[in-house]
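Here the structure comes first, spelled out in structure tokens, and everything after it is commentary.
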Amino acid sequence: MIDYITTTLQEVASQPIGLVFALLLGTASAATSACCALPALGILVGYSGSRTTNDRKSVLKTVATFVLGSVLSMMIIGGVAGFIGQVAQSTLGHYWKIFAGIVAIFL
């Protein structure tokens, strides 16, 4: 069953429809994980509300900088997590799932 699912997903990923599915799943993932970044939104609103300048260009610059910083930090954290996962899987082999489960329980 796992081989069938893996093969099917690999076949779909090489077709243009795979990009559409990846976009939809990524959008769903972003919508469900919004609670993770929601506290940072309060920081942005508080900072923007306390500013004395009402210039639209300045506000847009602040928002763009915030979004860029958020995206870059998430990309770096995701890259590091992926790298650590690959190293752990290649080092621990089949015991990787057991190790990850133990880490998840204690953290």
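Position 1 is the first residue of the sequence, and the numbers go up from there.
Shown here are the side-chain contact (heavy atoms from CB on, under 4.5 Å) partners of L68, two or more places apart in sequence or in another chain: L72. Under the rule for a side-chain contact (heavy atoms from CB on, under 4.5 Å), I105 has no partner lying at least two apart in sequence or in another chain.
Members clustered with F83: V87, by chain and number, using a 4.5 Å side-chain heavy-atom cutoff among hydrophobic residues.
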